*Asks:* 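Submitted below is the structure of interest, expressed as structure tokens.
Letters A, B, ... mirror the listed sequences (proteins, then strands); counts begin at 1. This is a predicted model, so every value here is computed, not measured.
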Amino acid sequence: MNTLKHELNLARPDDVYNLIVDAHNGLTAEQSEKLNAALVLLLANHVGDEDVIREAVAAARKSVTA
Amino acid sequence: MGSYTYPKYAYVPPAELVLKPGGVQTVPVLIVGAGPVGLTLALDLALKGISVTVLDEDDTVSLGSRSICQAKRTLEIWHRLGVADRMVAKGVTWDQGEVLLGDQPLYRFNLQPEPGHRFPAFINLQQYYCEQYLVERCLQEDKVDLRFRSKVVGVRPDDEHVEVDIQTPDGLYQLRGQWLVACDGVRSPVRTMLKLPYEGEVFDDQFLIADIRMDADLPKIRRYWFYPPFHPTDSVLLHRQADNVLRVDFQLGRDADADAEKKPENIDKRLRMMFGEGARWEHEWSSVYKFSCRAMPRFVKGRVIFAGDAAHVVSPFGARGGNSGVEDADNLGWKLALVINGHASVSLLDSYDRERGAAARENIRQSTRSTDYITPKFPAARVLRDATLSLARDFPFARALVNSGRLSRPTPYIDSRLSTPDDTRESWNAAAASPGSPLPDAPLGDGWLIEQIAGRFAVLTFADRAASLDIAAARAVADMADEIPAFTPILITRDLAGAPDGWNTVLDKEGLATRRCDARDGTTYLIRPDQYVAARWRRLHDSSIFAALKRASS
Ligand SMILES: Cc1cc2nc3c(=O)[nH]c(=O)nc-3n(C[C@H](O)[C@H](O)[C@H](O)COP(=O)(O)OP(=O)(O)OC[C@H]3O[C@@H](n4cnc5c(N)ncnc54)[C@H](O)[C@@H]3O)c2cc1C
């Protein structure tokens with residue numbers, strides 16, 4: 001079973017982070033919400049591993065509810 | 001309103017009230033409810049030699065078109081009972097669905113992309129026609145005693161019988177059944193009188209069904225719109241039915257005023273938005289409905305058995321209601337017949353509860369997911385739903401997430417105790433039907449593979465040449481074919497010369513049956529009377545068959 005990576009997996013983390021943030025530039029809150037939803041679906045399909053996705057979902061949920 | 005002329009079936013004053021014999025008559029099987037499920041079960045039992053008494057409170061068929069999408073599996077079952085061809089001839093055949101966003105087609109799906117099946121993925125035929133044809137077929141069977149205007153108003157089960165009170169225009173009388181099968185619909189009076197639980201989820205969203213007659217040359221496909229220009233807030237489903245009737249199903253949302261929506265002038269307003277000012281139609285049937293997903297925890301309670309909507313109900317997306325009810329009847333018929341004939345113990349009926357209980361839970365799971373997709377329950381659910389729709393045009397993966405209803409397919413009975421697990425030393429193509437799955441169809445001889453299994457067990461053996469079959473094993477299998485439970489030995493081959501005695505030998509001209517069963521020389525399947533696979537092996541071996549037969553019938 002694959003598990004969610006906790007350690008850095010990006011060669012240029014700042015670039016990727018800014019890429020995602022910049023994508024929201026100039027959008028309304030509603031548009032941003034839509035963008036995030038589309039992005040999550042695209043990436044989830046790319047990851048393709050249900051176990052990893054389940055772990056990521058749990059971690060994300062915990063980050064807002066804990 | 002309506003082009004269909006409802007038949008009125010004769011009520012015959014029952015002998016019990018006319019002749020007034022002493023005591024209460026006992027019959028083998030009482031079926032309460034002559035809907036699609038009760039009628040299917042009645043025919044199946046009658047064809048297996050069991051006398052059935054069917055009680056229905058009404059004297060006609062389903063009021064309103066209700067269930068229109070009749071699935072391939074249902075047609076296969078009805079074919080065995082001799083009514084499917086008439087339904088296909090009357091209905092609208094379809095294999096494809098189209099999903100649209102706004103007025104743009106997003107994608108199409110094909111439910112039966114590969115040809116070579118006796119029946120299409122679906123036909124659309126109004127429930128009243130299906131019931132009418134089933135009733136007419138029942139009336140030809142001496143073993144079906146169909147009693148109209150006979151309302152069951154009391155049920156008293158004991159360890160050996162179930163006694164019922166029946167209200168008729170001539171008064172009340174009693175009958176006793178060794179078994180009672182309640183096919184009395186979602187409000188099941190039998191279930192209510194016995195105070196049995198029926199739990200689940202009720203959905204708040206409302207839908208408007210408008211069945212209209214209109215001469216329009218629309219494609220024979222299922223169409224589902226999200227946010228169409230003619231109904232921009234919600235979704236719309238469109239189907240064609242027999243007699244140029246269309247089913248238009250508008251999602252209305254939670255807060256719609258059902259009484260106002262039902263008014264013909266308001267329905268017409270919606271339809272004019274959809275079909276344009278110039279279009280003309282007549283109303284056939286309309287209804288504003290909400291739905292629920294519920295099931296009984298157990299379908300068998302002593303000598304009372306529940307089937308169809310009485311046992312479980314789902315949302316209509318996916319056409320799983322009526323179709324799964326017909327599958328219930330198919331699963332129950334042969335088991336009940338074996339038990340009544342003393343060829344199996346009562347415990348065989350536990351497998352009905354297990355197999356169809358699991359099927360109901362699967363249908364509820366699927367239909368709840370479709371419902372949640374179509375009627376998102378909270379804002380983020382809608383945002384994600386809409387994201388799948390906007391991605392679907394360009395990204396095939398997102399089309400798989402769009403859920404306008406996962407259309408009914410026969411449920412495999414995973415881990416059924418009636419199935420013999422595969423021998424781990426033998427390997428099978430993952431697409432081939434494993435034990436607990438329905439047998440695939442294919443052309444065979446002058447007919448079809450599914451037509452070979454006519455309501456009894458069958459042993460299917462594949463051989464490149466009939467003459468190459470292991471003679472000793474073939475003889476041993478043929479010799480036990482008449483024992484209990486009886487079965488039909490069928491040899492499927494590409495060369496008929498030297499066909500063994502006692503085997504029904506058929507030619508697989510196209511090789512499709514062989515391929516769909518992942519068969520090699522000697523591959524053998526044991527098929528249940530309901531056309532499900534009970535066991536399979538890479539060679540013909542009589543004692544394995546014997547053991548698997550025992551297992552599948554106890
Ligand atoms: C709008 C709508 C659309 C649908 N579309 C589809 C679809 O496309 N495909 C699909 O597969 N399913 C569909 N369904 C579901 C389908 O209609 C039902 O699942 C199906 O009718 C169930 O059949 P049944 O025989 O169990 O019950 P019913 O059809 O409800 O029959 C019950 C029978 O019992 C009788 N009865 C009741 N009480 C008594 C009593 N006390 N004594 C004697 N008789 C009694 C009634 O008269 C009736 O004849 C749809 C349902 C609706 C409402």
*Asks:* Which atoms of A:Leu35 are under 4.5 Å from chain B, going by heavy atoms: the side chain, the backbone, both sets, or neither?
*Replies:* neither
*Asks:* More than 12 foreign heavy atoms under 6.0 Å from CG of A:Asp15: is that the case here?
*Replies:* yes
*Asks:* Enumerate the ring-ring contact (aromatic ring centres under 6.0 Å, His included) contacts for residues 381-415 of chain B, please, sequence neighbours excluded, ordered by first and then second residue.
*Replies:* B:Tyr413-B:Tyr532
*Asks:* For B:Ser390, is it the side chain, the backbone, both, or neither that has a heavy atom closer than 4.5 Å to a heavy atom of chain A?
*Replies:* neither
*Asks:* Please check if atom CZ in B:Arg369 has more than 12 non-hydrogen atoms from other residues, nucleotides or ligands closer than 6.0 Å.
*Replies:* no
*Asks:* Do you know the tightest heavy-atom contact between A:Ala38 and B:Ala387?
*Replies:* N-CB, 3.9 Å
*Asks:* Heavy-atom cut-off 4.5 Å, strictly under: side chain, backbone, both or neither for B:Leu391 against chain A?
*Replies:* side chain
*Asks:* Working to the nearest 0.5 angstrom, can you tell me the gap between A:Lys34 NZ and B:Leu384 CG?
*Replies:* 12.5 Å
*Asks:* Among all residues two or more places apart in sequence or in another chain, which pass the ring-ring contact (aromatic ring centres under 6.0 Å, His included) test with B:Tyr373?
*Replies:* B:Phe226
*Asks:* Counting only heavy atoms not in B:Asp415, do more than 12 sit closer than 6.0 Å to its CG atom?
*Replies:* no
